[in-house]
Amino acid sequence: MTEIPSRYNPQETEDKWYKFWTENNLFSAKADPAKKPFCIVIPPPNVTGILHMGHALNNTIQDILIRYHRMLGESSLWMPGTDHAGIATQNVVEKDIAKQNLKRQDLGREKFLERVWQWRDQYGSTIINQLKKLGASCDWPRLRFTMDEDYSRAVKEAFVELWNDGLIYQSDYIINWCPRCQTALADEEAPHHDVEGKLYYIRYPLKDKILNPKSEIRNKSKIQNSKSKNYIVVATTRPETMLGDTAVAVNPKDKRFKNLIGETVILPLMNREIKIIADQLVDPKFGTGLVKVTPAHDPNDYEMGLRHKLQFINILHPNGVLNENAGEYSGMDRFEAREAILEDLTERKLIEKIDDYAHAVGHCYRCHTVIEPYLSKQWFVKMKPLAKEAIEAVKKGKIKFYPKRWTKVYLNWMENIRDWCISRQIWWGHRIPVWYCQDCKNIIASVDTPKTCSKCNSINLKQDEDVLDTWFSSWLWPFATFYWPNKDEKVKKELEYFYPTNTLVTAQEIIFFWVARMIMAGLYFRKDIPFRDVYIHGTVRDIEGKKMSKSLGNVIDPLDIIKEYGCDALRFSLVSLTSTGQDVFLSKEKFEKGRNFANKIWNASRFILLNLKEENTSQDLCVVFEKENLNLADRWILSNFYQMLADLDKALANYRFNESVNLIYEFFWRKFCDWYLEIAKLNINDKNTQIILYKILEKSLRILHPFMPFLTEEVWQKLPNVKESISISSWPHIQKQIIDRKVNSQMQILMDIITCVRNIRSNVKIPVNEFINIQIQTTNKAKAALINENKEIIKTLAQVKEIIFIKDKKEKQKGISSVVSKDLSLNIPLEGIVDTQKEEQRIKSQIEELRAMIIDKESRLKNKAFLAKAPEEVVEAEKERVAEIKEKIGKCKEILRAFN
RNA sequence: GGGCGGUUAGCUCAAUUGGUUAGAGCGUCGCGUUCACAUCGCGAAGGUCACAGGUUCGAAUCCUGUAUCGCCCACCA
């Protein structure tokens, strides 16, 4: 055997094996009718992306599933790709050119896009290379990009199909506008965050009141019944929007203001006359019950504006600077204007009061700038018709969420869905495939660039300037990555083979953006669901529960962890921390568990390989199991392996990854290493021992492989008789006939004796290297025989010189005794003075514990209802237990007496 | 304003459909370098399962309420 270092060194193995896998095309999957398909499409990371812990968790889970199914013999395809990420990427490149004091407008559309493509060519593969470091077994030659030519065609096809079906329309509407990115955003892209703001109460003078102080308004208005008041008060959080006010509204049922309806107020600062209108949208309980109406800058006000045919005054430039409609404030930034306006209002004594007010404000999900509701012409997708089937598919269970609770979140969103604003005023993205005839105003939506107007044959056509929302391309991902709608037979067959895909693995943040929309797109364009299962994992957070982010400086970089602990350690630890859907709280130390386990596997392998004779490695385990006389430990470890395997398959089928990892850990470390390997040392050259050591190791490596791919390949390649990569080896089959419960209880007897002896030794401080005699007293002949057969195990593992069976108390030598079970006790003869205090204490507390149990159980057994209603097995078990405990207590007392 | 999740050992988390004595890792304490592994081994200590009711023969687990932390959604200015 060649030298094997005593520490596992991930740095030396990882890149080597990754190269080996890809060079041999081991991750490539074909549409093979003889095999079952298994397919996952990767949530395409942004081309601007850098691998963070969220990616690490997300992709580790996918890789586990993919590798597992590959080993199950399925045609297991992991479709890789990246997303052009319109706004995010454009922002990055804009920042880049800003270093040269350039704006994108300085370059012009074409030149700017060239720069973006250059940037992509240079940095776009960063995240892909990082995924490779993670061990991701994607079918890399299939790598897709949402701006690829074929993919772009799919996007246009999708647009035109929806347009032809009347599901896309263009409209003036209040949308979320990011003044920094200078684009419209979808509702999902403008999440609300609480902001500590102010609620400003502003006085608007009443025109009539000024002209006619005797007006009846004075006395009927409750909150403004002061004689001197010739104004009304409105409340707002955004005072600068008052410049665009074209009405004030009250609730028609609000008695206080009944007589105000129809009156005119003078809009301060602008000196515009605006009417007081009645609209049910107004909540009488909020603020003063009087609402300023700014139809161009608030969604509610917009609706009121339509209803009451108000004027729509846009006061903002796209960059958030006030425009010519803002009077003397034009040219100021919106927040600057707010201050100026407040100052002027204060000066004119028009501020009634200012309250602190925490409220939720929309923020741009890309740059976190406060968004403005903004009236503009945009493109929308009608969502209700698409949502209908998407709701059905989930309700009928065609698509299942894991964990289940996300179903409700999904349905709730779907059922309240609103139309989707898909146009973006940026340059990087899929340009909207719509042309406007400059002559007859005809609108043409077309996949290919039209040459003439379909109505008037004019050649004077102009394409829409906007691009599509990035998510308008990603919602096609599960089928556009298979070159949909390409009609070529070969290409179509692939799509038909792998679609619907099996599992989508993603984080909760993206359910609305992506998951929900993919379901709609799949059902609409493909008439079939895009995937069957959706596994939602938790969010990775730091140890304080905060989301990891660069700005918080609490990031743990997965690549650093890979360097320091190894990729397998990273994967193992991450997965062992994710119980279904719970957020993962990380700290660096948590990766030690994975590193230590990797080292344990390494060393157990090292031990076996150093002791293995090659001729013993080609035996079939099942044949050996049936033909040979296996000893107890052999049968025990085999039974445990297959029991664990059965549990593991079940856990994986239910996406219980942490349970999977724990099962393997428990088996390999706590059973195989702690017990079996130690026992195997007794007869390491025995043929059966050799075969079992080899087989358990070899099978353990296989089941470990999806979780820890590099280490397992490295060890696997050191096994004799191994030719191919472990990544394409087959997953072990369950052998039910080998699972044997009786073997477990027999082995437990030995383990209990050994633990008991070790315990006493520790308590009375018998030196580890001192071999002692033990006396065993048992009435159970089977147990005695079992112990006798396996006495070497006890001797070695408990440092015992001789095991002496005794029949009664008289034979017992002076020493320390202990009760192992009701019919078995042991005694360690001790000469001279030893410190027995601790041991005595141990027995005493043991008795106390047992007594407490008896009290509990006896009261239960006295309960008639329990006897009548509990299942018979439970009652019987309790009775047996009581008898057993009683016997044990008796023995313990006996021992205690011997101390005195 | 709705919805969801958490609250279990000093710390971080498990506990599948209610059923023996609620588990693990880290940390703590004691012993140990006998050659697979000190990234280790052996032994031990440590829990009124947030709180209060209820259902049940039986509850960490089911129901109701409370407290507390966190997340998501929502056009109340």
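All values derive from a computational prediction rather than experimental measurement. The sequence lines fix the lettering, A, B, ..., with proteins before strands; numbering per chain opens at 1.
Across all strands, A:F512 comes closer than 4.0 Å only to sugar-phosphate atoms, never to a base (heavy-atom distances). Residue-level contact check: A:T755 touches the backbone only, with heavy atoms under 4.0 Å from sugar-phosphate atoms and none from bases. Counting any heavy atom pair closer than 4.0 Å across all strands shown, A:Y357 reaches sugar-phosphate atoms only and no base atom. A:N300 comes within 4.0 angstrom of a nucleotide base, judged by non-hydrogen atoms across all strands. Residue A:D283 is in base contact, counting any heavy-atom pair closer than 4.0 Å across all strands shown.
Under the Watson-Crick or G-U wobble criterion, with both distances below 3.5 Å, B:rU66 is paired with B:rA50. Across all strands shown, B:rA59 has no partner, as no Watson-Crick or G-U wobble contact with both distances under 3.5 Å is found.
The shortest heavy-atom contact between A:F707 and A:R571 is O-NE, 3.1 Å.
Distance A:L663 CG to B:rU16 C1': 11 Å, rounded to the nearest Å. In this entry the distance linking NZ of A:K588 with C1' of B:rU12 reads 18 Å, nearest Å.
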Annotated protein contacts, base or backbone, on nucleotides 23-37 of chain B with a non-hydrogen cut-off under 4.0 Å, one of B, S, - each: --S----B-S-B-BB
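Note that the CD atom of A:E372 and the CG atom of A:N176 stand 10.5 Å from one another [nearest 0.5 Å]. The structure places NZ of A:K292 at 7.0 Å from CZ of A:R238, a figure rounded to the nearest 0.5 Å.
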Report the C-alpha distance between A:K888 and A:E884 in whole Å, list the side-chain angles of each, state the deciding distance to 0.1 Å, and finish with yes or no for salt bridge (charged side-chain N to carboxylate O under 4.0 Å, His left out). CA-CA 6 Å; A:K888 244 178 143 175; A:E884 218 173 291; over 6 Å; no
Identify each atom pair where a protein N or O and an N or O of nucleotides 17-21 of chain B are less than 3.5 Å apart, giving names and distance.
| residue | atom | partner | partner atom | Å |
| --- | --- | --- | --- | --- |
| B:rU20 | O3' | A:K857 | NZ | 3.0 |
| B:rU20 | O2 | A:R881 | NE | 3.2 |
| B:rU21 | OP1 | A:K857 | NZ | 2.4 |
| B:rU21 | O4 | A:R881 | NH2 | 2.1 |

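Sequence neighbours left out, the pairs with a member in residues 857-871 of chain A that pass side chain to side chain donor-acceptor pair (under 3.5 Å) are A:D856-A:R860, A:K857-A:E878, A:E858-A:K886, A:R860-A:E878.
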